[in-house]
Number of protein chains: 2
Amino acid sequence: MVSSSNCHMTAEQVFAKLQSTYPKVALATVYNNLNRLCEDGAIRRVSMEGMPDHYDHIQRHDHLVCQQCGQLLDVDLGDLTQQLEAKAGVSILSYDLKLVYVCENCKKTINGKECE
Amino acid sequence: MVSSSNCHMTAEQVFAKLQSTYPKVALATVYNNLNRLCEDGAIRRVSMEGMPDHYDHIQRHDHLVCQQCGQLLDVDLGDLTQQLEAKAGVSILSYDLKLVYVCENCKKTINGKECE
DNA sequence: ACACCAATTTGGAATCATTCTAAAAGTAAT
DNA sequence: ATTACTTTTAGAATGATTCCAAATTGGTGT
């Protein structure tokens, strides 16, 4: 079965990767299984503006998103639940925190053309 | 011109609302202008998993998202930039923070059917 | 081996939000 | 009112994802 990956793959990428080993899997199956795994809490879906969903491991962590190229990077800021609950005044189930920055690659490349 | 609204409307909702007063505006125009306003920093786009983009005012604030019905609510946790930068160890341009909770409405309704 | 039921997979059509495109309509200055 | 520019329009196109009904696969008991 499709097991979770260590990077931040999209359904399409998982599909592509699978094709070499299992040439007959259908894209629908990939979506089915990714969805199932998400429901079961085995993997985590990361959606970002204007790009296909990425799938990620479930260990607690947050994300750095490059403003230029959209590249996604894990970063662990620790568990802020307590703090956020206190400030918001409601009890929360979870939270989604994305830090927008400019990745090293894009910092070099003057106008961010060659990223990703 | 289409000016920003005080709630969290989708392009479709803006379109619908406009139709009564300007029956000939096209949906494409709404998208054009919402996009422009976003670029110009006059409004803010809020994208959430599995639902159309919502548009929001630009004053600094974060969001509460109901897990059941997806309803979006403003909440202000103050500016966490300093703190997050310190923890992440990189300088960030901005951040996007969504707190997942269960709204009052959905808490009442035993299985969240009647929300939104 | 064999038949039976359930669960999974397939491939292709369908959906939905959004963008693209090329033509039409405004708007302004000359 | 003529050119030059910008905005708008309508509808087609796109792209990610879901839906669907048919086909395949997996046991399980015999």
Side-chain angles (χ1 to χ4, degrees), chain A residues 1-5 7-56 63 65-72 96 98 112-113 115-116, chain B residues 1-5 7-56 63 65-72 96 98 112-113 115-116:
Chain A
M1 252 353 81
V2 181
S3 78
S4 125
S5 66
C7 4
H8 294 104
M9 305 180 78
T10 63
E12 206 69 52
Q13 290 171 328
V14 172
F15 178 58
K17 194 159 196 174
L18 279 177
Q19 297 218 284
S20 43
T21 19
Y22 308 88
K24 34 179 21 190
V25 286
L27 184 53
T29 308
V30 175
Y31 275 106
N32 282 345
N33 289 319
L34 288 174
N35 281 339
R36 173 112 42 110
L37 289 168
C38 282
E39 280 164 27
D40 297 354
I43 61 175
R44 194 219 285 206
R45 191 198 319 276
V46 184
S47 336
M48 270 178 313
E49 147 115 47
M51 57 181 73
D53 289 351
H54 292 245
Y55 296 87
D56 202 356
H63 288 114
V65 185
C66 175
Q67 187 189 51
Q68 305 298 312
C69 67
Q71 199 204 81
L72 199 60
D96 174 17
K98 300 203 183 73
K113 288 273 178 158
C115 270
E116 188 111 335
Chain B
M1 253 348 87
V2 180
S3 80
S4 126
S5 65
C7 8
H8 295 104
M9 305 180 77
T10 63
E12 205 70 51
Q13 289 171 331
V14 172
F15 177 59
K17 192 159 196 175
L18 279 176
Q19 297 218 286
S20 45
T21 17
Y22 308 88
K24 33 180 21 193
V25 285
L27 184 53
T29 309
V30 175
Y31 275 106
N32 282 346
N33 289 320
L34 288 174
N35 281 339
R36 173 114 40 110
L37 290 168
C38 283
E39 280 163 28
D40 297 354
I43 61 174
R44 194 225 276 213
R45 191 198 319 277
V46 183
S47 333
M48 269 178 311
E49 147 115 47
M51 58 180 72
D53 290 351
H54 292 244
Y55 296 87
D56 202 356
H63 287 114
V65 184
C66 175
Q67 186 189 52
Q68 305 298 312
C69 68
Q71 200 205 80
L72 201 60
D96 174 16
K98 299 202 184 75
K113 289 273 179 157
C115 271
E116 188 112 333

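Below, chains carry the letters A, B, ... as their sequence lines are ordered, and counting in each starts from 1.
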Subject >> Under 3.5 Å side-chain donor-acceptor pair for A:Asp96 and A:His63 >> reply: no
Which heavy atom of [X] sits nearest a heavy atom of [Y], and at what distance?
X: B:Ser20; Y: B:Pro23; value: O-CG, 4.5 Å
X: A:Met51; Y: A:Gly70; value: CE-CA, 3.8 Å
X: B:Tyr55; Y: B:Ala11; value: CE1-N, 4.0 Å

Subject >> Polar side-chain atom of B:Gln19 near backbone of B:Ala16 as donor-acceptor pair, under 3.5 Å >> reply: no
Original post:
Does any N or O in the side chain of A:His54 come within less than 3.5 Å of the main-chain N or O of A:His8, such that one atom is a donor and the other an acceptor?
Top reply: yes
What is the distance, rounded to the nearest whole Å, between atom [atom1] of [X] and atom [atom2] of [N]?
X: B:Glu49; N: D:dA16; atom1: CD; atom2: C1'; value: 13 Å
X: B:Gln19; N: D:dT8; atom1: CD; atom2: C1'; value: 15 Å
X: A:Leu18; N: C:dT8; atom1: CG; atom2: P; value: 17 Å
X: B:Arg36; N: D:dT8; atom1: CZ; atom2: P; value: 7 Å

**OP:** Going 5' to 3' through nucleotides 17-26 of chain D, assign each nucleotide B (protein heavy atom under 4.0 Å from a base atom), S (under 4.0 Å only from sugar-phosphate atoms) or - (no protein heavy atom that close).
**Re:** SBB-------
